[in-house]
Amino acid sequence: METASMPGFVRTILWIIAIYYIVKFLARLFLPVVAKKVVEKAAQQFQQQQQYQQQQQAQTNKTEKPKEKKIVGDYIDFEEIK
């Protein structure tokens with residue numbers, strides 16, 4: 001079993017810092033591209049959903065028959081007399 005040494009500790013800290021900056025650089029490079037693709041996919045799904053809803057609404061409008069209104073007479077409001 002090795003004991004902890006100062007050069008090993010410094011080397012570990014330097015590796016952690018190097019990895020942090022590499023990840024930060026790659027995130028700045030690729031994150032905008034990934035975000036753009038996510039937004040485009042969400043917009044495409046939203047558009048497909050809107051088209052599906054419009055088709056469903058058009059189908060229900062075609063199948064519904066207009067209800068016939070029966071004209072019985074004039075409505076007369078009255079008060080009850082005791």
Side-chain angles (χ1 to χ4, degrees):
M1 177 176 212
E2 292 186 33
T3 59
S5 63
M6 192 61 157
F9 177 71
V10 171
R11 191 175 342 148
T12 303
I13 296 297
L14 289 176
W15 272 108
I16 291 172
I17 292 171
I19 291 172
Y20 169 76
Y21 279 108
I22 290 170
V23 169
K24 187 176 175 181
F25 174 74
L26 291 176
R28 283 188 182 184
L29 197 62
F30 293 115
L31 197 60
V33 175
V34 172
K36 184 178 179 182
K37 287 189 178 192
V38 168
V39 168
E40 287 175 354
K41 185 165 180 122
Q44 183 183 12
Q45 288 178 347
F46 179 74
Q47 186 178 13
Q48 288 176 351
Q49 185 180 14
Q50 290 291 353
Q51 288 176 353
Y52 177 75
Q53 287 179 354
Q54 287 176 353
Q55 289 174 353
Q56 291 296 326
Q57 189 177 22
Q59 288 176 355
T60 56
N61 288 342
K62 289 180 183 178
T63 58
E64 286 183 13
K65 294 181 181 177
K67 295 181 180 178
E68 296 178 14
K69 294 183 178 180
K70 295 181 181 179
I71 301 175
V72 178
D74 294 333
Y75 176 76
I76 301 173
D77 192 21
F78 66 96
E79 293 181 17
E80 189 174 323
I81 302 174
K82 293 185 178 182

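- Applying the side chain to side chain donor-acceptor pair (under 3.5 Å) rule to Gln56 yields the partners Tyr52; only residues at least two apart in sequence or on another chain are considered.
- Here Phe30 sits in one hydrophobic cluster together with Ile22, Phe25, Leu26, Leu29; the rule is ILVMFWY side chains under 4.5 Å apart, joined directly or through other members.
- Under the rule for a side chain to side chain contact (heavy atoms under 4.5 Å, CB included), the partners of Gln50 that lie at least two apart in sequence or sit in another chain are Phe46, Gln53.
- The heavy-atom pair separating Ala27 from Pro32 by the smallest distance is O-CD, 3.9 Å.
- Under the side chain to side chain contact (heavy atoms under 4.5 Å, CB included) criterion, Ile16 pairs with Thr12, sequence neighbours left out.
- Checked against side chain to side chain contact (heavy atoms under 4.5 Å, CB included), Tyr20 has the following partners two or more places apart in sequence or in another chain: Lys24.
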